[in-house]
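Numbering of residues begins at 1 and proceeds along the displayed sequence. Keep in mind that this is a model prediction, so the values were computed, not measured.
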Amino acid sequence: MAFMGRMAGSRIFSELCGSIVNLRMYSSRVDWKQLRPMILKRIKNRTKDYPIKRMIPVAQEVVRAREILTEGVSILLRAVPVHSCKFCPAIHVGAMAHQMKTCHGFKRMIKDRPHQWGPGGLNNILVPVEAFHQENMFQDEIRHDQRFDFTRVPAVLELCHQAGAELPEGLLYRRDELCTAAEANNQNPAPLLSSELRLVGQRTLEAWERLRLGVTKLLLVYPSKVCENCSEVHVGISGHKARMCGVFKFEGWRGKHKWKKAGVDDLVPQKIVWHQRPHDPPILVDSGRDYYGHAPAVVELCVQVGARASPKYNCMMKEHGLAPPVQRDQAT
C-alpha cells in the first residue's frame, strides 16, 4: 500500500510539473499608444449598428402605449378617488381609504402608524422616473460638473429615443401632471356611463401591458442602469458620474452611484396597493391584513371601473381567497 501511494504521488507531481513547464509566459509590455486608436476606431464603428431597425417599431409602440396609458388614467381619476399618504409613498384606490397602520414616515424612522390621507393625483399612480437626456447611447459619460448641462426627461422616452423612435415635438420635455390633486379627486364624477368607463379601463389596462412588454424587449438590446442604493436610472452603456446618491434615502450627499442592470420595474414601477375584493368590508382594517390582496395601482384603478385584469394577477389579488373573519364588535 505504501508503494502504491508513493507511485500515485510521483505521478501527480510529474503531471503538475509538466503543466507548469508547458505554461506560456506572456509579456506585459503593451504599446498602448498604438492600441488606443484601434480601440477608439472599434467603438466608433460600433455606433453604426445602432439604432437597430427591427427594434424601432417596438419603441414606437411603447410611445403610443404610454400616451394611451396616461390619457386613460387621467380620465379614470375623475371617476375613481385616489388617496395619498402625506408622510409616506402609500396610496389607496377607492372611495374610502383603508385604516391599516402601515405608515413608516418619510425616513422610515417609525412604523405601525396610521396614515394621514390626502387627495392623490396622476403621479401617485404612474410614478415618474427621469433620466439624463443624451443624443445617443455612445456619448461620453456625464461628469459631476456637467449634471446641470443635460435635461432630465422620462426614462421610458429616453429609452425609446435611443432605440430610434420618432417622438412628437414637445413630448420629450412635457411633464405628465394632469392637474392639481384636489381637482383630480374633488370634482364631480365624469359624465361618462359605466359602460364607457369600462371600455376606457380595459383600453388603459391593455396599454399598461403593452408598455411593460415593450420596455422589457428594449432592455434586452439597449442597456440601462439603476443604482442599488437609490432609484436613480441611467439609460446607456455605463452610468453617469454625477454624485447624487443619498439625496433622499441615505446621508452620504457626495456618494457615487452603485450601478447595476435595470429591469422593467425600475423604469415602469408597478406601485403595489391593497386590492379590495367584492366580499371584503368597505374599509380595510388591520385584522384582515393577511386576507387582503394586492395589485399594481394601474390595475386596481382599472378594475374599480369594471375592467378585466389579466389572470397573472389572480394570485397577487387573491380573487378567490377567503374573506377576513367578522369581529364581534362589528357583528353587534
Side-chain angles (χ1 to χ4, degrees), residues 39-74 122-123 125-142 146 149-176 200 202-227 231-240 259-270 296 298-299 302 310 312:
I39 297 175
L40 295 177
K41 183 178 179 181
R42 185 174 181 180
I43 294 175
K44 185 177 180 180
N45 293 334
R46 185 183 177 186
T47 60
K48 299 178 182 178
D49 299 333
Y50 290 88
I52 300 177
K53 295 183 179 180
R54 294 184 178 179
M55 300 302 295
I56 294 179
V58 178
Q60 294 176 348
E61 177 63 23
V62 169
V63 175
R64 289 192 295 267
R66 183 178 179 274
E67 287 294 302
I68 296 175
L69 176 64
T70 305
E71 181 183 1
V73 171
S74 63
L122 179 64
N123 286 345
I125 302 295
L126 301 176
V127 181
V129 179
E130 294 185 343
F132 286 111
H133 175 53
Q134 294 181 307
E135 295 299 330
N136 55 72
M137 62 183 299
F138 295 99
Q139 195 170 339
D140 295 338
E141 290 182 341
I142 301 175
Q146 295 177 332
D149 299 336
F150 294 86
T151 310
R152 302 279 292 183
V153 298
V156 174
L157 294 182
E158 176 65 16
L159 180 64
C160 296
H161 168 73
Q162 295 190 11
E166 297 182 0
L167 302 179
E169 185 178 359
L171 177 63
L172 198 62
Y173 305 100
R174 190 181 67 191
R175 297 300 184 224
D176 287 332
V200 173
Q202 194 66 40
R203 184 182 62 181
T204 303
L205 198 55
E206 293 174 357
W208 166 259
E209 298 296 336
R210 293 199 307 270
L211 173 65
R212 290 181 57 86
L213 179 61
V215 171
T216 303
K217 293 180 180 179
L218 292 178
L219 289 177
L220 296 175
V221 181
Y222 296 92
S224 299
K225 304 294 181 181
V226 63
C227 181
S231 57
E232 176 69 13
V233 172
H234 181 76
V235 181
I237 298 178
S238 60
H240 58 76
W259 299 108
K260 67 176 182 179
K261 185 178 180 180
V264 62
D265 289 334
D266 300 312
L267 275 71
V268 188
Q270 296 193 62
V298 175
V299 177
C302 298
S310 175
K312 66 181 181 180

Handout entry: Any side-chain heavy-atom pair of I68 and T204 under 4.5 Å
Key = no

Practice task
Taking all heavy atoms of G214 and all of V58, pick out the closest pair and write down the distance.
Solution key: O-CG1, 3.9 Å

Problem - Check against salt bridge (charged side-chain N to carboxylate O under 4.0 Å, His left out), R152 and E232 - result: CA-CA 11 Å; R152 302 279 292 183; E232 176 69 13; 2.9 Å; yes

Practice task
Taking all heavy atoms of Q270 and all of P296, pick out the closest pair and write down the distance.
Solution key: OE1-CG, 3.2 Å

Exercise for the section: Report yes if the side chains of H240 and W259 come closer than 4.5 Å at any heavy-atom pair, otherwise no. Expected result: yes

Practice task
Quick one: do E209 and S310 satisfy side-chain hydrogen bond (donor to acceptor under 3.5 Å, both in side chains)? Show the steps, please.
Solution key: CA-CA 9 Å; E209 298 296 336; S310 175; 5.4 Å; no

Fill in the blank from the handout: Rounded to the nearest 0.5 Å, the SG atom of C302 sits from the CG atom of L69 at a distance of 8.0 Å

Practice task
Could you tell me which non-hydrogen atom of G263 sits nearest to which non-hydrogen atom of L219, and how far apart they are?
Solution key: C-CD1, 3.5 Å

Completion exercise
d(E141 CD, S238 OG) to nearest 0.5 Å is 3.5 Å

Problem - Pairwise side-chain contact, V62 with L157, heavy-atom cut-off 4.5 Å (strictly under) - result: no

Handout entry: Shortest non-hydrogen contact between A262 and V226, atoms and distance
Key = CA-CG1, 3.8 Å

Fill in the blank from the handout: dist C227:SG -> K260:NZ (nearest 0.5 Å) comes out at 9.0 Å

Practice task
Check whether any side-chain N or O of Q162 sits under 3.5 Å from a backbone N or O of V235 as a donor-acceptor pair, and report yes or no.
Solution key: yes

Exercise for the section: Tell me, with the steps shown, if R64 and E67 meet salt bridge (charged side-chain N to carboxylate O under 4.0 Å, His left out). Expected result: CA-CA 5 Å; R64 289 192 295 267; E67 287 294 302; over 6 Å; no

Handout entry: Distance, nearest 0.5 Å, that separates CZ of R210 from CG of L205
Key = 10.5 Å

Completion exercise
Value for OG1 (T151) from CD (Q134), rounded to nearest 0.5 Å, stands at 11.5 Å

Exercise for the section: Would you indicate whether the side-chain heavy atoms of Y222 and P51 approach each other to under 4.5 Å? Expected result: yes

Problem - Any side-chain heavy-atom pair of E158 and F132 under 4.5 Å - result: no

Exercise for the section: Over all heavy atoms of both residues, which pair between L211 and V156 is shortest? Give the atoms and the distance, please. Expected result: CD1-CG1, 4.1 Å

Exercise for the section: Starting from the C-alpha separation in whole Å, work towards a yes-or-no answer on salt bridge (charged side-chain N to carboxylate O under 4.0 Å, His left out) for R66 and E71. Expected result: CA-CA 9 Å; R66 183 178 179 274; E71 181 183 1; over 6 Å; no

Problem - Polar side-chain atom of H161 near backbone of A165 as donor-acceptor pair, under 3.5 Å - result: no

Completion exercise
All heavy atoms of I56 vs all of A163, minimum pair found to be CG1-O, 3.5 Å

Handout entry: Minimum side-chain heavy-atom gap E130-V153 below 4.5 Å
Key = no

Problem - NZ/NE/NH1/NH2 to OD/OE distance under 4.0 Å, R203 and E206 - result: no

Practice task
For residues L122 and T70, determine if any side-chain heavy atom of one lies less than 4.5 Å from a side-chain heavy atom of the other.
Solution key: yes

Exercise for the section: Decide yes or no for D266 and S231: does some side-chain heavy atom of the first lie under 4.5 Å from some side-chain heavy atom of the second? Expected result: no

Exercise for the section: Supply the atom-to-atom distance F150 CZ to I142 CD1, rounded to the nearest 0.5 angstrom. Expected result: 4.5 Å

